[in-house]
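Okay, so here's the structure we're looking at.
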Amino acid sequence: MGSRRDFLQNLTISAMGIPFLNLKDGSSGLTPEENAFANNPEETEAAAKTDEYDPHAPILRVALMGLGSYASRVAEAMQQCKKAKITGLISGTPSKIQEWKKKYSVPDKNCYNYENFDQLKNNPDIDAVYVITPNALHKEQVIRVAAAGKHAICEKPMAINAKEGEEMKAACKKANVKLLVGYRMHFEANTLEIIRLRNAGEFGKPLFFQGLSGFKIGNPNQWRMKKELSGGGAMMDIGIYSINGARYMIGEEPVWVTAQETKTDPAMFTEGLDETIIFQLGFPGGAVASCLSTYSMNYLDRFFLNGDKGFAEMNPSTGYGPIKARTNKGELNFMHITHQTTQMDEMAAILLEGKKAIVPVDGEEGLKDLKIIDAIYAAVKSGTKIPLAL
Ligand code: NAD
């Protein structure tokens with residue numbers, strides 16, 4: 001993926017979304033409608049003109065675990081994937097299984113609940129499980145997925161602290177399966193272009209990053225407001241975007257962190273549930289990041305990178321899109337593609353073809369963010385600067 005032209009072309013290809021299957025029984029696995037679409041000569045000709053299109057590329061067969069609001073978004077986005085397909089479902093709610101299995105043509109034999117999903121080990125129709133449940137459940141679920149011999153894709157935050165993240169990484173390594181984290185922005189066109197421009201020296205030496213990540217939390221009874229399920233407050237949920245963004249926008253790993261917390265509603269944001277945290281990260285090249293994570297303000301989704309020659313601004317920066325980005329030279333105009341469609345096609349290539357992501361999405365990447373979150377909470381408590389060794 002060299003030039004901007006190549007990159008745009010690849011994105012256009014991703015948008016085409018022709019699902020081809022390569023099931024172990026040798027059948028295409030396509031429905032008659034899909035077959036008709038796949039055999040459309042116009043589509044085939046258009047596809048043949050592209051670099052990346054390979055009708056024989058293996059298809060990643062994914063079981064979705066936790067059929068909530070984000071899983072719904074992922075499932076819809078996957079309908080446009082050409083390298084990944086939903087072949088399994090895991091839920092504790094039988095009525096959801098009934099509804100989803102019809103909607104996505106998933107056979108009964110590929111449907112599980114939270115008690116019996118270890119049986120995935122006997123199911124050759126599933127390559128990977130995408131864990132999309134409350135944060136504090138990720139560790140145990142990923143470890144069970146690994147023990148069943150399946151690759152794990154885990155939503156962010158990968159776990160609720162670095163110790164858990166280490167255990168997950170070790171379990172996946174032991175089981176010889178891969179662990180990926182649902183960092184959809186790592187495949188987003190504007191984001192990757194800014195990273196490319198920074199690497200090409202367009203902004204000069206990166207010196208400052210500002211990340212603003214927040215929204216007003218609604219229902220106080222949701223799992224996000226229960227520490228035993230969320231592991232924390234806004235930082236775990238939305239502040240992590242500024243942490244992760246500071247790292248990929250500056251292009252270095254931070255070496256220290258300081259942080260301060262404020263609460264406007266201590267009755268709602270009880271001990272361990274952060275409402276607003278401002279934090280600062282120091283980088284080895286001399287850059288600093290100043291970030292805000294909050295559950296008490298809307299319209300906070302902005303990244304700003306300044307170097308000694310130029311700047312990049314993204315606003316919105318990590319929402320579902322379209323992302324808007326500009327540099328000191330003008331606006332970037334990338335076509336919007338549903339983030340989760342690109343993410344799942346790219347993850348298929350990573351898991352099945354050994355492709356390397358430009359910005360990693362592996363367990364190590366998830367673990368780095370967890371180490372920073374641990375350090376931010378420690379800095380809030382102690383009021384001191386906490387060194388980081390990532
Ligand atoms: P949600 O509440 O809409 O869905 C959670 C699902 O988990 C539900 O189907 C629920 O039934 C199930 N579940 C299983 N065990 C549960 C338990 N013990 N308690 C509560 N629910 C249980 O939440 P969501 O917004 O879909 O978030 C799920 C995960 O996805 C979180 O880790 C979140 O951080 C992540 N997420 C990521 C993005 C992104 O853009 N990458 C966006 C939203 C959410």
Side-chain angles (χ1 to χ4, degrees), residues 1 3-17 69-70 73-74 76-77 80 156 182-204 206-217 234 237-251 278 281 287 289-307 309-346 357-359 361 369:
M1 206 178 281
S3 67
R4 177 180 156 140
R5 203 175 128 262
D6 287 344
F7 185 58
L8 270 169
Q9 194 181 29
N10 288 339
L11 287 172
T12 312
I13 299 156
S14 294
M16 289 175 54
S69 67
Y70 193 62
R73 190 175 283 277
V74 170
E76 281 308 302
Q80 271 67 56
K156 44 59 55 180
Y183 287 129
R184 61 188 160 77
M185 299 315 295
H186 292 202
F187 306 106
E188 195 276 325
N190 295 279
T191 307
L192 290 176
E193 176 65 359
I194 288 173
I195 290 168
R196 190 190 70 76
L197 291 169
R198 182 207 64 217
N199 287 340
E202 287 287 325
F203 312 129
L207 290 173
F208 178 70
F209 171 81
Q210 184 190 43
L212 307 177
S213 301
F215 64 94
K216 222 172 161 64
I217 192 82
D237 195 28
I238 191 77
I240 189 171
Y241 283 97
S242 272
I243 296 173
N244 195 248
R247 294 176 48 236
Y248 63 65
M249 294 284 279
I250 289 177
I278 36 181
L281 299 164
S290 171
C291 305
L292 172 73
S293 158
T294 187
Y295 262 164
S296 62
M297 282 172 267
N298 283 329
Y299 313 113
L300 285 174
D301 182 8
R302 180 174 185 263
F303 284 178
F304 178 73
L305 176 72
N306 212 41
K309 278 204 212 151
F311 73 83
E313 182 186 38
M314 304 178 78
N315 186 12
S317 55
T318 66
Y320 296 135
I323 299 300
K324 274 197 160 310
R326 68 186 180 112
T327 72
N328 48 297
K329 294 204 173 140
E331 283 188 15
L332 304 185
N333 286 308
F334 286 93
M335 182 172 79
H336 172 67
I337 296 173
T338 306
H339 296 170
Q340 298 81 2
T341 304
T342 313
Q343 173 200 327
M344 293 309 289
D345 272 341
E346 290 294 316
I358 294 171
V359 185
V361 286
D369 287 341

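In this structure the side chain of Leu212 never reaches within 4.5 angstrom of the side chain of Asp301, judged on heavy atoms. Side-chain contact between Asp369 and Arg247: present, with at least one pair of heavy atoms (C-beta onward) separated by less than 4.5 Å. At least one side-chain heavy atom of Glu193 sits less than 4.5 Å from a side-chain heavy atom of Phe334. Side-chain contact between Ile240 and Tyr183 is present, with at least one heavy-atom pair separated by less than 4.5 Å. Counting only heavy atoms from C-beta outward, the side chains of Pro206 and Arg198 approach each other to under 4.5 Å. Counting heavy atoms from C-beta on, the side chains of Tyr241 and Ser317 never come closer than 4.5 Å. With contacts defined as side-chain heavy-atom distances shorter than 4.5 Å, the pair Ile337/Met335 qualifies. Side-chain atoms of Leu207 and Asn306, non-hydrogen and from C-beta on, never get closer than 4.5 Å to each other.
Note that NE2 of His186 and CD of Gln343 are 10.0 Å apart. Values are rounded to the nearest 0.5 Å. Ile243 contributes atom CD1, which lies 7.0 Å from atom CG of Leu281 (distance to the nearest 0.5 angstrom). Taking CE of Met185 as the reference point, atom CD1 of Ile323 lies at 4.0 Å (rounded to 0.5 Å). In this structure, NZ on Lys309 lies 10.5 Å from CG on Asn328, to the nearest 0.5 angstrom. Atom CD1 in Ile278 sits 12.5 Å away from atom OG in Ser242 (nearest 0.5 Å). In this structure, CD1 in Ile195 is found 11.0 Å from CG in Asn190, a value given to the nearest 0.5 Å.
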Would you please test Phe311 and Phe203 for side-chain contact (heavy atoms from CB on, under 4.5 Å) and show each step?
CA-CA 6 Å; Phe311 73 83; Phe203 312 129; 5.7 Å; no
Phe208 vs Leu305, test: side-chain contact (heavy atoms from CB on, under 4.5 Å). Steps then yes/no.
CA-CA 6 Å; Phe208 178 70; Leu305 176 72; over 6 Å; no
Steps toward side-chain hydrogen bond (donor to acceptor under 3.5 Å, both in side chains) verdict (Arg302, Gln210)
CA-CA 8 Å; Arg302 180 174 185 263; Gln210 184 190 43; 2.7 Å; yes
Could you please spell out the steps behind the side-chain contact (heavy atoms from CB on, under 4.5 Å) verdict for Gln80 and Met344?
CA-CA 10 Å; Gln80 271 67 56; Met344 293 309 289; over 6 Å; no
Evaluate side-chain hydrogen bond (donor to acceptor under 3.5 Å, both in side chains) for Gln340 paired with Tyr70, printing each intermediate quantity in order.
CA-CA 10 Å; Gln340 298 81 2; Tyr70 193 62; 3.0 Å; yes
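With Arg184 contributing its side chain and Thr318 its backbone, the two residues share a donor-acceptor pair below 3.5 Å. In terms of modelled atom types and a separation under 3.5 Å, the side chain of Thr338 and the main chain of Ala77 share no donor-acceptor contact.
Every residue meeting the salt bridge (charged side-chain N to carboxylate O under 4.0 Å, His left out) condition with Asp237, not counting sequence neighbours, appears here in chain and number order: Lys156, Arg224. Applying the ring-ring contact (aromatic ring centres under 6.0 Å, His included) rule to Tyr295 yields the partners Phe215; only residues at least two apart in sequence or on another chain are considered.
Surrounding OH of Tyr320 are more than 12 heavy atoms belonging to other residues, nucleotides or ligands, all under 6.0 Å away.
Ring geometry for Phe209 against Phe303 counts as perpendicular: the plane angle is over 60°, on a 0 to 90° scale with 30° as the lower cut.
With salt bridges taken as basic N to acidic carboxylate O contacts below 4.0 Å, one links Arg326 and Glu313. No salt bridge links Arg196 with Glu202; every basic N to acidic carboxylate O contact stays at or beyond 4.0 Å.
A side-chain contact (heavy atoms from CB on, under 4.5 Å) with Tyr248 is found for one member of Leu192, Val359, Ile358, Ile194 and no other, namely Val359.
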